[in-house]
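Below you'll find the structure, written out as structure tokens, and then a few comments.
Whatever order the structure lists ligands and atoms in, that order sets their numbers, starting from 1.
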Amino acid sequence: MKRILITGGAGFIGSHLCRRLVEENNDVICLDNFFTGSKDNIRELIGLKNFELVRHDITKEYFAEVDQIYNLACPASPPHYQYNPIKTIKTSILGTMNMLGAAKRCKATILQASTSEIYGDPKVHPQTESYWGNVNPIGVRSCYDEGKRCAETLMMDYHRQNNVDIRIIRIFNTYGPNMAKNDGRVVSNFILQALKNEDITIYGDGTQTRSFCYVDDLVDGIIKMMNNPQKFIGPVNLGNPSERSILDFAKLIIEMTGSSSKIIYKPLPQDDPVQRKPDITLAEKELGWKPTTDITTGLQKTIDYFKTKI
Ligand code: NAD
Ligand code: UDP
């Protein structure tokens with residue numbers, strides 16, 4: 001039984017990670033300030049003897065004796081991270097420093113949830129970990145992108161300077177149950193719009209691409225990375241390389257939900273990446289990991305989840 005701290009544990013990905021690690025009989029502390037997370041996501045864990053829920057903001061120090069820290073706390077959808085950009089960057093920088101301080105003190109292994117956004121609007125396709133990215137440092141996405149880039153720097157410097165045992169994962173677009181209804185990302189927006197027969201809002205002309213990974217696959221990869229025996233620190237891409245345009249994605253959701261929704265077009269947000277697809281060769285080699293859930297299986301589970309929410 002390991003003592004594990006999960007920051008952002010009441011969020012979308014964090015809640016799935018909490019459930020898996022509790023089921024595997026670990027002693028889990030879920031820490032969250034509930035900015036975008038919700039107690040509903042972890043309701044069935046509350047009261048279990050190996051699960052503890054703590055309301056706390058990681059921009060402030062937190063002390064607990066643990067063996068592993070999964071640092072997931074950070075709003076992830078563009079509308080949420082742009083709502084209070086200064087808070088977003090504080091969460092990535094001060095929050096990661098606080099968690100690295102905790103890892104150093106406890107000699108814990110710390111895993112940082114980084115993101116494909118550190119590649120910005122990529123000029124290399126698909127994106128490999130060796131690519132340094134193309135990020136606007138002063139745009140509306142910068143609070144998130146640059147915050148996450150700086151968090152990677154902090155991870156590497158604590159590793160080199162203080163020997164902290166680190167893992168860095170770069171998560172690509174992930175979807176599944178427990179995404180918030182007001183999340184604002186494309187998967188939840190399109191599914192909710194389709195289920196309510198409302199207009200499907202495509203930003204731009206819909207030719208921009210994304211590659212969507214089902215959350216269970218991602219959680220497998222996260223846990224493999226944390227516990228990999230050769231102590232491979234990354235950074236490593238975790239995502240599903242199956243790439244599609246946003247227009248094709250909208251059509252697929254209309255078809256799967258049997259919706260009468262029409263597609264409408266809205267302005268493309270500033271600095272919206274044109275194409276994104278992970279190269280996961282490194283994850284396959286170092287972790288023996290690749291996603292196994294195809295898009296229709298994953299989407300069906302997600303659609304079924306949102307049906308219970310409207
Ligand atoms: P989410 O918004 O559902 O979850 C984030 C959680 O962090 C929420 O529960 C929120 O309340 C909590 N939080 C935010 N700021 C906090 C703070 N200062 N202190 C404590 N808790 C705080 O997002 P998610 O999709 O589950 O993303 C989880 C992590 O994975 C994030 O770090 C995100 O950047 C990263 N990520 C996610 C994706 C994706 O496609 N879902 C892609 C790339 C990276
Ligand atoms: N998008 C869209 N309609 C929506 C929400 C998002 O067309 O209602 C587009 C968005 O502009 C982007 C893509 O879908 O090109 C993925 O957006 P999301 O916010 O899910 O994540 P991102 O990958 O941009 O961080």
Under-4.0 Å salt bridge between K251 and E255: no

Using modelled atom types only, decide if a donor and an acceptor are shared between the side chain of S211 and the backbone of R276 within a distance under 3.5 Å. yes

Does any part of the side chain of [Y], heavy atoms only, come nearer than 4.5 Å to the side chain of [X], both counted from C-beta?
X: S245; Y: T207; result: no
X: K277; Y: T209; result: no
X: D121; Y: D271; result: no
X: M179; Y: I191; result: no

May I have the step-by-step check of side-chain hydrogen bond (donor to acceptor under 3.5 Å, both in side chains) for D57 and T59, ending in yes or no? CA-CA 5 Å; D57 192 305; T59 58; 2.7 Å; yes

Sub-4.0 Å heavy-atom environment of ligand 2, residues by chain: P78, E117, R141, N173, G184, R185, V186, N189, F190, T201, I202, Y203, Q208, R210, I246, P269, D272, R276

What are the polar N/O contacts of ligand 1 with the protein below 3.5 Å, with distances?
| unit_1 | atom_1 | unit_2 | atom_2 | d |
| --- | --- | --- | --- | --- |
| ligand 1 | 2 (O) | T36 | OG1 | 2.6 |
| ligand 1 | 3 (O) | F12 | N | 2.9 |
| ligand 1 | 7 (O) | C74 | N | 3.4 |
| ligand 1 | 9 (O) | G11 | N | 3.0 |
| ligand 1 | 9 (O) | D32 | OD1 | 3.1 |
| ligand 1 | 9 (O) | D32 | OD2 | 2.5 |
| ligand 1 | 9 (O) | G37 | N | 3.2 |
| ligand 1 | 11 (O) | D32 | OD1 | 2.6 |
| ligand 1 | 11 (O) | N33 | OD1 | 3.4 |
| ligand 1 | 11 (O) | F35 | N | 3.0 |
| ligand 1 | 11 (O) | T36 | N | 3.1 |
| ligand 1 | 11 (O) | G37 | N | 3.0 |
| ligand 1 | 13 (N) | N33 | OD1 | 3.3 |
| ligand 1 | 18 (N) | D57 | OD1 | 3.0 |
| ligand 1 | 18 (N) | T91 | OG1 | 3.1 |
| ligand 1 | 19 (N) | I58 | N | 3.0 |
| ligand 1 | 21 (N) | N33 | N | 3.2 |
| ligand 1 | 21 (N) | N33 | OD1 | 3.3 |
| ligand 1 | 25 (O) | R185 | NH1 | 3.3 |
| ligand 1 | 25 (O) | R185 | NH2 | 3.0 |
| ligand 1 | 26 (O) | F12 | N | 3.3 |
| ligand 1 | 26 (O) | I13 | N | 2.8 |
| ligand 1 | 32 (O) | L72 | O | 2.8 |
| ligand 1 | 32 (O) | K148 | NZ | 2.7 |
| ligand 1 | 34 (O) | Y144 | OH | 2.6 |
| ligand 1 | 34 (O) | K148 | NZ | 3.0 |
| ligand 1 | 40 (O) | T174 | N | 2.8 |
| ligand 1 | 41 (N) | R185 | NH1 | 2.9 |

Let me see the working for S114 and E152 under side-chain hydrogen bond (donor to acceptor under 3.5 Å, both in side chains), right down to the final yes or no. CA-CA 7 Å; S114 190; E152 288 199 11; 2.5 Å; yes

Measuring from T88:OG1 to D145:CG, what's the distance to the nearest 0.5 Å? 11.0 Å

